[in-house]
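Beneath this line is the structure, given in structure tokens, with notes to follow.
Side chains included, hydrogens not; waters and symmetry mates left out as well; all remaining heavy atoms used.
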Amino acid sequence: MAEHHALSATREAYDAAARIYAQLFRDTLRDSPLDRAILGVFAEAVHASGNGQVADLGCGPGHITSHLAELGLTASGVDASPAMIELAQQAYPELRFEVGSMAALNIADGVLGGVLSRWSIIHTPPQELPVILAEFHRVLAPGGHLLIGFSASDGPSHPTQVFDHAVAPAYRWSPDHLAAMLRKSGLAEVARMVREPQPTDRRQFQEVQLLARKG
């Protein structure tokens with residue numbers, strides 16, 4: 001029941017904040033060359049696998065899903081928030097978006113060349129994350145790639161840490177700890193990008209993006 005309550009509370013919070021969130025983050029890639037670079041690497045890895053189907057899980061208002069499509073991928077989006085999905089459908093009617101849970105995806109086994117999880121695991125209670133990573137593994141084809149983004153904890157002695165996210169309770173992760181969880185789920189780390197916080201950032205956390213491959 002606790003996990004169900006956490007998901008419901010997060011969904012309701014994002015429904016309430018959806019329009020403001022879309023306005024704030026619509027143009028984030030324009031000023032983030034590092035993010036554009038790692039998304040480009042992800043797209044190239046997916047193309048090289050021969051399967052260009054990608055799911056953007058936790059897609060929000062769909063701007064990153066649209067960017068993946070611009071990179072030549074067959075991209076679709078899933079989000080727990082109906083309000084976010086409505087905004088995504090309005091903004092990008094040529095793409096497919098649906099309401100869903102990362103813990104129980106409406107996607108067949110092994111059909112995707114790529115999964116993008118961009119800061120979408122941060123509201124997941126740590127004990128629930130293995131279920132979500134298992135879903136990522138299930139829907140990926142052999143040789144498919146996962147790109148997962150999150151905020152880093154203060155060090156390896158802190159596998160997870162709670163932080164005061166503006167929308168809903170959230171968690172930071174030790175990159176090495178999360179990479180080990182990916183390995184346990186059958187997803188081997190290929191590369192990682194770590195962005196150091198800037199002096200003007202409200203939160204002084206490292207931002208981490210791990211690229212992993214299904215064997």
Side-chain angles (χ1 to χ4, degrees), residues 2-8 10-11 14 38-39 41-43 45-46 49 51 53-60 64-65 68 73 75-81 98-153 156 158-163 165 168-194 205-215:
E3 292 77 20
H4 182 269
H5 174 72
L7 177 61
S8 298
T10 299
R11 179 188 298 115
Y14 274 99
I38 193 66
L39 287 169
V41 169
F42 171 67
V46 172
S49 76
N51 178 354
Q53 291 193 69
V54 171
D56 180 6
L57 304 180
C59 65
I64 304 297
T65 320
L68 294 177
L73 298 171
S76 60
V78 177
D79 201 279
S81 164
E98 64 179 47
V99 177
S101 166
M102 293 189 298
L105 294 165
N106 184 29
I107 300 173
D109 294 357
V111 298
L112 298 178
V115 165
L116 179 66
S117 170
R118 186 177 163 83
W119 276 264
S120 57
I121 64 163
I122 63 171
H123 301 297
T124 302
Q127 67 272 20
E128 288 296 297
L129 188 57
V131 173
I132 289 173
L133 298 184
E135 275 292 272
F136 293 171
H137 181 272
R138 179 184 68 78
V139 299
L140 279 170
H145 286 78
L146 165 70
L147 181 62
I148 186 166
F150 56 96
S151 297
S153 65
H158 300 280
T160 63
Q161 288 177 284
V162 176
F163 72 96
H165 191 276
Y171 303 86
R172 296 190 280 152
W173 291 84
S174 158
D176 289 342
H177 180 71
L178 189 48
M181 293 182 70
L182 290 173
R183 283 196 302 274
K184 218 169 173 182
S185 300
L187 298 163
E189 181 181 353
V190 174
R192 70 177 69 178
M193 185 181 80
V194 180
F205 305 155
Q206 288 180 329
E207 292 183 350
V208 182
Q209 299 194 56
L210 292 178
L211 181 66
R213 182 180 183 274
K214 178 175 176 178

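- At a threshold of 4.5 Å between non-hydrogen side-chain atoms, the residues Leu129 and Leu178 count as touching.
- Shortest non-hydrogen contact noted between Leu68 and Asp56 is CD1-CB, 4.5 Å.
- Partners of Ser153 under the side chain to side chain donor-acceptor pair (under 3.5 Å) rule, at least two apart in sequence or in another chain, do not exist in this structure.
- Taking OG of Ser151 as the start and CD of Glu207 as the end, the distance is 5.5 Å to the nearest 0.5 Å.
- More than 12 heavy-atom neighbours from other residues, nucleotides or ligands sit within 6.0 angstrom of CG on Asp109.
- When the options Val139, Leu140, Leu116 are evaluated for a side chain to side chain contact (heavy atoms under 4.5 Å, CB included) with Leu146, the one that passes is Leu140.
- Contact annotation: the side chain of Asp176 approaches that of Arg192 to within less than 4.5 Å [non-hydrogen atoms, C-beta and beyond].
- Nearest heavy-atom pair, Val111 versus Gln53, reported as atom, atom and distance to 0.1 Å: O-NE2, 3.7 Å.
- Of all heavy-atom pairs between Leu211 and Val41, the closest is CD2-CG1, 4.1 Å.
- Contact of the Ser117 side chain with the Phe150 side chain is not registered, since no non-hydrogen atoms from C-beta on lie closer than 4.5 Å.
- The CG atom of Leu57 sits 8.0 Å away from atom OG of Ser76, with the distance rounded to the nearest 0.5 Å.
- Nearest heavy atom pair, residue Ala179 against residue Glu189, reads CB-OE1, 3.4 Å.
- Residues Pro175 and Val208 come closest through the heavy atom pair CG-CG2, 3.7 Å.
- Between Ile148 atom CD1 and Leu182 atom CG the span is 5.5 Å, to the nearest 0.5 Å.
- Counting heavy atoms from C-beta on, the side chains of Gln209 and Leu147 come closer than 4.5 Å.
- Between the CG atom in Leu73 and the OG1 atom in Thr65 there is a gap of 11.0 Å [rounded to 0.5 Å].
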After noting the C-alpha distance and the side-chain angles of Phe136 and Ser185, does the key distance pass the side-chain contact (heavy atoms from CB on, under 4.5 Å) rule? CA-CA 9 Å; Phe136 293 171; Ser185 300; over 6 Å; no
What verdict does the side-chain contact (heavy atoms from CB on, under 4.5 Å) test give for Ile122 and Tyr171, after you've listed the backbone C-alpha separation in whole Å, the side-chain angles of each residue and the deciding distance to 0.1 Å? CA-CA 5 Å; Ile122 63 171; Tyr171 303 86; 5.7 Å; no
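- Residues forming a side-chain contact (heavy atoms from CB on, under 4.5 Å) with Pro159 (at least two apart in sequence, or on another chain): His177.
- Within the 3.5 Å criterion, the main-chain N or O of Gly144 finds no donor-acceptor partner in the side chain of Lys214.
- Side-chain atoms of His158 do not come within 3.5 Å of backbone N or O of Pro156 as any donor-acceptor pair.
- Atoms OG1 and CD1, from Thr124 and Ile132 in turn, are 3.5 Å apart once rounded to the nearest 0.5 Å.
- Counting all heavy atoms, side chain and backbone alike, Gly110 lies closest to Ala141 at O-CB, 3.4 Å.
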Met102/Glu135 under side-chain contact (heavy atoms from CB on, under 4.5 Å): CA gap, chis, key distance, verdict: CA-CA 7 Å; Met102 293 189 298; Glu135 275 292 272; over 6 Å; no
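- In terms of modelled atom types and a separation under 3.5 Å, the side chain of Arg138 and the main chain of Ile107 share a donor-acceptor contact.
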